[in-house]
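Have a look at the structure below before the remarks.
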Amino acid sequence: MKSHLIKKYLKDNRIDFYLITNNDLHLNESPNLDLKDIYKLFKFDCTKGYILFFINRFIFFTDSRYTLAAKKFFKNNCEIYDISEITFVDYLIMQNKSLSGVLDSKLISVKEYKEINSKLQKNKINIYPHSKNFFIKNYYPNFNISYPMSMPKYLIPRPYINNLKRIKTNLKSDGMLIWNNAQVAYLLNLRSFELWNSTKPFAGLFIPNKNIKPFLITNNPNLKKVSKLNDFNIYGEEKFIKFLKSSKFKNIETSYEFLNLYMYMKLSKFLNLSETKINVSKYLGIKTSKEIKNIESCHIEDGLAVIRFIIDLKQKKINPKNEFQVSEYLYNKRKEGINFFRNSFDYISAFDSNAAIVHYKPLSENSHSSKNRKILLIDSGAQYLEGTTDVTRVIKIGAKNYSRIKNSYTYLLKSLIKIENKKFPRNIRASNVDLFIRNYLSRFKISYSHGTGHGVGNFGDVHEKYPSISPRSMDILTNNNLFSIEPGHYVEGKYGIRIENLYVTKVINKNLQLKNVTLIPYDLDLINWKLITKFEKIYIKQYHKKIFQCLETRLNYNQKNYFIKSLINKI
């Protein structure tokens, strides 16, 4: 019915296409499902996606993590493109004719709109911002479930007053508008729970250069219950716009990457809105010593839950019927942990061929049965008060020996051991770390289309903007960055392997090294020991011993025995 309304609008207004994005008002990477236009229209979920909706067809663009899943979901109903190969801009230009289209100005960033509009106009293609809806949309999450809280003092990395002072000191204008929810959460040591799997308040922040209260820009009335926010003006979006219009502010800076186009156009009518040079993302990405200590603490809790899950699975104390039940069992194990709040993302629990779908999501009513399966890939994480976790392990669940799978697993494991023992130059580019691991794996004809890693928040976003460990990343690594390293090998229709740990960077004698903070053992049954050197064998054993020493006092008699016998002495 909604697609019918889009077609009618395009036909009545003689518009060629409607560009559908998958963002929310604050351009979060993973909005709630009811805030995602692509999901609302087609029931397909992805993080990054675009649809070009024409009157007689639609074309779907997503990244390599979702292309295989999209092909299975949409079948032959639409064309599907990997945006690393063909973007929607490329597709429109390839039509080789004048076209006009619209997009929702509330659901695209200023930066992205400027970039795509510049390319399209050169080819006589116009895309216009559109703020009036032709089907019912919900722009805000359910604030009744938000339960906002101020971080406990013993856990905060930097006092919020110091954070605000730091930004004020670096201002080159009358004030800074921060629209990114993760940045607002971190700067104010504020957490809220209206976004699924997240701890961010659905709010913006305005820090004025003048000696007046800062502004929290939100339609969430519950945030007024947080006592320290008495020091803030708390305005809804429209009230904030009216305030600025009546004020004496003339020049305001913001990040075009995070501000939506609608807000930009509204404010630009009476203000000079410039691109800020203050890199808040990098500020978040350089962890304090207190954060590192807390992160290590939450990984003890997380390791305990996952190890209990693995042992129960290996000893057949649990018999999940399908992939969804596997993820539910692990979730319930984590819920038993101290200071556990929620998952940090929807778990990827996949048997065999489904593991080749990088961001596969098992559903309760439609997921693979556990019967006669070879391996389980489980990519999962949690939000603890002390930090955020993200880990991927592959578990052998079949009785047979699978040499190709074991070889792939072993080479991936060797690549992690290699990178953990590598001394990189200080201030190395993240892209060079990505290249290092890809070059090593290429010797064994192993490659993967996704990035090698991503930044991780502190009781915040599981995917932080900085640093990105990918081929195109311009990020420079420094001391106390926290990020994942997650190489993989995927054989469509057969199997998928990925191993993921979280790492903290440490600068020692002008060299940068990666310290593994994940405390979850590898599956020794998946290692081809003929490919493992003596040094690597000792290294794996030391890692497992370290895990055992950290968790021994909280494992029961059976779990201790299993760990010693199957995960240490077996090496």
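Model, not experiment: these values are computed from the prediction.
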Please confirm whether the ring centroid of Phe436 lies under 6.0 Å from the ring centroid of Phe424. yes
Using only heavy-atom distances, determine whether the side chains of Tyr140 and Asp34 contain a donor-acceptor pair under 3.5 Å. no
Within the 4.5 Å heavy-atom criterion, are Leu267 and Ile241 side-chain neighbours or not? yes
For the residue pair Arg166 and Tyr283, would you count it as a cation-pi contact if the rule is NZ or CZ under 6.0 angstrom from the ring centre and within 45 degrees of the ring axis? yes
Pi-cation contact, Tyr440 with Lys414 (under 6.0 Å, within 45°): no
Count the heavy atoms of every other residue, nucleotide or ligand shown that sit under 6.0 Å from CG of Asn230, and state whether that count exceeds 12. yes
Has Lys210 got its NZ or CZ under 6.0 Å from the middle of the six-membered ring of Phe249, at an angle within 45 degrees of the ring axis? yes
Are the charged groups of Asp475 and Arg429 less than 4.0 angstrom apart, N to O? no
Is it true that Asp174 and Lys250 make a salt bridge, defined as a side-chain N closer than 4.0 Å to a carboxylate O? no
Say you draw a straight line from SG of Cys550 to NE2 of His299; how long is it, rounded to the nearest 0.5 Å? 12.0 Å
Look at atom NZ of Lys172 and say whether more than 12 heavy atoms of other residues, nucleotides or ligands are closer to it than 6.0 Å. no
Can Arg438 be said to sit on top of Tyr448's aromatic six-ring, NZ or CZ under 6.0 Å from centre and within 45° of the ring axis? yes
Note: Asp346-Lys361 ion pair, threshold 4.0 Å (strictly below): yes
Is the shortest heavy-atom distance from the side chain of Thr254 to the side chain of Tyr256 under 4.5 Å? yes
Side chains of Gln183 and Leu284: does their closest heavy-atom pair fall under 4.5 Å? yes
Checking Lys200, Glu194, His26 against Asn181 for side-chain hydrogen bond (donor to acceptor under 3.5 Å, both in side chains), the one that qualifies is His26
Hey, what do you get for CG (Asn189) to CZ (Phe459), rounding to the nearest 0.5 Å? 12.0 Å
Please report the interatomic distance CD(Glu257) to CG(Asn180), rounded to the nearest 0.5 Å. 8.0 Å
More than 12 heavy atoms of other residues, nucleotides or ligands under 6.0 Å from NZ of Lys515: is that the case? no
Is it true that the NZ or CZ of Lys106 lies under 6.0 Å from the centre of Tyr262's six-membered ring and within 45 degrees of the ring axis? yes
Any heavy-atom pair between the side chains of Thr288 and Asn480 that's under 4.5 Å? no
Identify whether the distance between the nearest side-chain nitrogen and carboxylate oxygen of Lys137 and Asp104 falls below 4.0 Å. yes
Residues Leu35, Asn32; criterion side chain to side chain contact (heavy atoms under 4.5 Å, CB included); working and verdict: CA-CA 5 Å; Leu35 301 181; Asn32 296 355; 4.2 Å; yes
Would Asp45 and Lys36 pass as an ion pair if we require N to O under 4.0 Å? yes
Distance in Å, Ser146 OG paired with Leu195 CG, rounded so as to fall on 0.5 Å steps: 10.0 Å
Could you check whether Glu552 pairs with Lys545 (Lys NZ or Arg NE/NH1/NH2 to Asp/Glu carboxylate O, under 4.0 Å)? no
Sorted by chain and number, sequence neighbours left out, salt bridge (charged side-chain N to carboxylate O under 4.0 Å, His left out) with Lys114 holds for none
Test the Lys239-Tyr235 pair against the cation-pi criterion, namely NZ or CZ under 6.0 angstrom from the six-membered ring centroid and within 45° of the ring axis. yes
Tell me, do Ile508 and Asn511 make a side-chain contact under 4.5 Å, heavy atoms counted? no
Considering residues, nucleotides and ligands other than Tyr147, do more than 12 of their heavy atoms fall under 6.0 Å from its OH? no
Strictly by modelled atom types, are Tyr264 and Asn260 linked by a side-chain donor-acceptor pair under 3.5 Å? no
